[in-house]
Amino acid sequence: MIETEFKNAIQKPKYFLCKPDLKRTTIARLYEVDNDVRKLSRGNNSELSFTLGLYTTDFNTRKKNKHVDMIKEKYLIRFEQGIQKEYYIIDSIKKSMSDNDTVDVNCFGLGYELRDKLIKDYSAVSYTLTQIVHDLLINTIWNVGYVDPQFELKYRSFDFNGTVLGGVNEAAASFQALIVWDTINRTISFYDPEQYGVNKGFKTKFGKLMMNVSQELNTDEFCTRLKLFGKDGMSIQDVNPLGTNFIQNFSYFMYPFQQDQNGIVISHSDYMSDELCKALIRYNQLSEQHQTTYKNLLNQKTTLQEQLSQKLNELSQLKNELDIIEDNLATANATGLPTQALINQKNAKLTQIASKQGEVDSLNSQIKSVDNQITNLGNLLKLENNLTQNEIKELNQFIIEKEASDTNISDPQELLDFGKKEFDKIRQPKIVVQIGLVNFYDILTEQHNVGKLNVGDIVTVEHDELGIHVKAHVSDITFNYKESTIDVTVTNAEELLTDEERFIKQLYKTIGSSNTVDMSKYKWNDAKATVDDVTTIINNTWNAVKRDIIAGVNEDVEISRRGIIIRDPNHPNKILILQHGQLALSSDYGDTWKTAVTSDGVIAERIIGKLLLGNKLLISDDLGTFTIEGNLLTIRDKNQKVRVRLGEYKTNVYGLEMIGDNGKTIIDQDGILSTDTIQEADNVDSTHPLKMKFYIDDDVIRIDKVKLNFSLERFRAYSKGAASQIINLTSTQSETINLNTTESASINLHSTAPQNISGGTETEGTYWGTGGHNHGIAEGTRLATYPVSGAGYVTWVPSGSHSHPISLGSHTHGITVPSHSHSISMPSHSHQISMPSHSHEIVYGIYEGTYATSVQVIIDGVMRDGTMYGSDRTIDITRWITTPGWHTIELTSSQMGRINASIYIKSFVGA
């Protein structure tokens with residue numbers, strides 16, 4: 001019983017072979033797995049390798065392993081150990097023959113399947129990490145999982161060509177996010193690397209689980225001074241109390257220097273002298289002490305400069321108005337016109353100018369005061385004013401410079417915050433510790449440590465004899481289940497270089513070392529002189545010091561305390577004035593100055609010429625900007641999103657590229673964004689769906705959106721006319737038909753009111769003679785008389801024509817009809833009908849029935865969504881229409897009705 005409990009307590013890995021269908025159907029459990037090794041890597045897909053024997057032994061009988069033929073590339077392996085469960089995809093299978101015939105199987109974490117999906121010419125401007133990754137996964141069955149909220153507040157430009165897996169990794173690197181793969185639910189999460197992983201108390205030292213240990217100090221990216229650059233070479237001078245474009249920290253070389261509150265040294269630095277350490281501590285304290293003061297002075301100066309600019313414009317306008325008054329006054333004096341009103345205007349204007357000048361002088365005084373404070377603070381914080389010459393020389397040995405740049409940052413304060421975060425990662429050398437552990441999963445007494453050692457978690461490693469005392473994040477874990485060992489890599493670095501990468505970096509260092517830590521894209525270096533044709537023209541032609549000023553003829557030129565004023569005698573409304581270090585031109589007597597040249601640039605409503613030259617030329621207004629840099633013209637909208645690129649918009653690719661608001665290309669040399677709508681309407685019932693068949697051309701590079709819209713209507717029919725024809729009809733065979741009368745009853749018939757009817761009858765016709773009749777007795781027959789009296793008789797002779805008087809009294813007749821029936825027998829017969837050619841007039845009308853309902857959507861023969869729709873709908877079916885070629889959409893209804901449907905397709909069509 002005790003042995004059973006021990007056995008159940010130890011968690012052994014289990015391996016299951018699964019089909020790559022949607023349910024990941026389990027095919028078999030692989031009991032015979034051998035030489036199994038599993039590697040977990042922070043931020044990357046896990047790896048798994050194992051071997052299967054070609055033969056197995058069962059009850060001393062050797063037989064072929066049935067699983068060898070079952071296992072295939074792209075099949076899945078489900079790994080289980082305790083509560084851990086993870087899916088791997090088989091990448092390669094190698095069969096080998098040696099002492100033991102085996103099959104070697106190599107697998108990667110299920111996320112590796114994204115390597116089979118390609119992304120072409122993806123481009124996004126000002127997107128969050130979630131938006132970018134969602135676009136990358138649109139044609140896969142993977143989804144975005146958890147995303148740290150900080151990444152929803154950051155926006156990046158992102159261009160990519162390659163596999164979906166590569167795109168996800170590059171997007172994470174752009175946002176400095178840590179990827180966590182969930183192979184059970186097929187989701188990808190993104191965490192802040194500094195916040196991911198916890199200290200669960202796992203500790204190893206010599207004699208406790210530890211088999212071997214090594215420590216390496218990596219200084220490849222280590223620095224003590226980090227220079228920061230943002231968009232267009234912008235740096236941090238405006239927000240840095242030191243007034244420099246760098247931040248610095250010498251704590252690594254100062255360690256473990258300590259002093260008490262009286263300045264007495266408790267422990268010495270391993271590198272620096274005590275004097276230098278003390279001087280740096282004082283200098284850092286002084287810098288921190290005046291940081292807020294420096295920031296307040298900068299804000300104050302910015303506000304004063306904005307006010308001064310406004311007042312100078314107002315003063316310039318007043319002086320221009322004074323000039324016009326003085327001109328008018330001079331003209332009046334010359335022509336003998338009244339001048340008093342003009343003199344009054346002049347005096348009033350001089351008063352206004354004096355008042356405005358007082359405001360300008362006050363602002364200049366305040367700015368000068370702020371400048372003096374900034375200068376004094378800068379002098380106070382100068383390194384040479386806080387360290388001795390010898391300390392400065394000694395410090396020079398410990399200045400290791402690197403650069404960090406992010407072209408997505410345009411605010412100095414944001415750049416400084418970014419720089420501080422990056423500096424924290426590289427101001428200390430990377431510590432890399434390799435540890436070999438006994439696999440405590442197989443040790444009953446160490447089961448309390450199960451679950452404490454995970455990638456990303458913090459562990460403690462100690463080895464007193466080697467002086468190793470490290471508490472850092474686990475970056476890699478390799479489980480060798482065959483040898484029952486665990487190899488752990490612990491580091492404070494974000495990434496570790498392989499031996500090959502480290503060798504290459506060393507090789508590069510012997511050729512020419514680069515001190516740039518590039519966090520996004522290449523920084524445009526304003527400090528570097530650009531020698532090209534444009535620069536040559538600017539330097540040779542636009543040198544104001546060397547150029548001569550040639551005077552014109554017939555010019556009205558005035559040089560006075562107001563500056564230099566030039567008027568055109570033929571067009572007195574046109575005035576040019578030079579004063580206050582600026583040149584201004586007016587075409588309305590100086591009422592407005594719409595053209596000016598100042599130290600800040602040229603201000604004009606219209607610039608006319610043949611050649612416009614410059615380095616990184618920028619043209620902008622309130623609604624957008626466009627820049628010309630090198631061979632590329634870029635147009636941005638008012639939200640600074642890139643919308644048009646003309647020229648070399650990709651390396652060695654020239655043409656026009658238009659980009660939509662969603663960051664996707666609308667048109668470039670490869671193709672154009674196209675939309676198409678297909679509509680179909682028809683009657684349907686339970687066995688006759690509405691079918692819509694359409695074709696997406698093979699030249700389509702990208703399908704952005706496919707939407708299905710349908711409305712449910714009543715069944716509809718229409719009347720028709722038809723051509724005439726002969727119609728023959730044949731009846732059925734005969735049969736007996738029985739008809740029964742009602743029951744018998746007496747029927748009384750009554751004559752009219754009683755009366756005597758008189759009249760005569762007359763029988764006409766010739767029987768034996770003319771007229772009369774003989775009643776059937778031959779003429780001459782003797783008829784006996786009655787009563788008999790002897791032999792009396794009479795002789796019959798025909799009567800002649802005569803009449804009998806009749807008198808009919810009132811009477812009735814009674815008739816009784818007995819109950820009876822009539823039997824009718826109709827023999828077999830048919831009726832032949834011949835209908836002559838004829839026509840019918842059309843009866844116009846629309847006839848409607850029931851509505852279509854319980855509609856289901858079938859795409860390419862597969863039921864999608866599973867929803868039964870009973871009303872009008874618009875459905876996004878983009879995820880099911882992903883390839884060129886023929887596609888069929890069927891809409892079914894549970895009863896008779898009518899469906900009116902349309903399909904909207906937006907795609908990028910290749911040229």
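Just so it is clear, the structure is predicted and the values come from calculations on it, not from any experiment. Just the heavy atoms: all of them, side chains too, but no hydrogens, waters or symmetry mates, feed the values below.
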Listed by chain and number, what are the ring-ring contact (aromatic ring centres under 6.0 Å, His included) partners of [X], not counting sequence neighbours?
| X | result |
| --- | --- |
| F908 | none |
| F79 | Y15 |
| F222 | Y252, F253 |

In short, salt bridge (Lys or Arg N to Asp or Glu O under 4.0 Å) pairs touching residues 166-183 with sequence neighbours left out are none

Who pairs with E47 by side chain to side chain contact (heavy atoms under 4.5 Å, CB included), at least two apart in sequence or on another chain?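 With neighbours one apart ignored, the set is K39, F108.
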
Does atom NZ of K707 have more than 12 heavy-atom neighbours from other groups under 6.0 Å away?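 Open.
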
Would you say that more than 12 heavy atoms from the other residues, nucleotides or ligands in this model lie under 6.0 Å from the CG of L153, or not? yes

Parallel under 30°, tilted from 30 to 60°, perpendicular over 60°: which one fits the rings of Y191 and Y196?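 Judged by the thresholds at 30° and 60°, the geometry between Y191 and Y196 is tilted.
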
Among K421, E422, K154, side-chain hydrogen bond (donor to acceptor under 3.5 Å, both in side chains) partner for Q176: E422

Hey, mind stepping through D876 and T878 against side chain to side chain donor-acceptor pair (under 3.5 Å) and telling me if it holds? CA-CA 6 Å; D876 190 337; T878 310; 2.5 Å; yes

Give, for atom [atom1] of [X] and atom [atom2] of [Y], the distance between the pair rounded to the nearest 0.5 Å.
| X | Y | atom1 | atom2 | result |
| --- | --- | --- | --- | --- |
| L48 | I77 | CG | CD1 | 7.5 Å |
| E73 | C107 | CD | SG | 10.5 Å |
| K906 | K705 | NZ | NZ | 4.5 Å |

Would you say D21's side chain and T25's backbone share a donor-acceptor pair under 3.5 angstrom?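 Present.
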
Quick check, are the ring centers of Y481 and F50 under 6.0 angstrom apart?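 When the ring centroids of Y481 and F50 are compared, they turn out to be at least 6.0 Å apart.
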
Shortest non-hydrogen separation from T665 to R702 and the atoms involved: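 So the minimum-distance heavy-atom pair works out to O-NH2, 2.8 Å.
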
How close do T163 and L114 get, heavy atom to heavy atom, and via which atoms? CB-O, 4.2 Å

Can you list everything that forms a side-chain hydrogen bond (donor to acceptor under 3.5 Å, both in side chains) with E32? Sequence neighbours excluded, please.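 So E32 forms a side-chain hydrogen bond (donor to acceptor under 3.5 Å, both in side chains) with N65, H67.
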
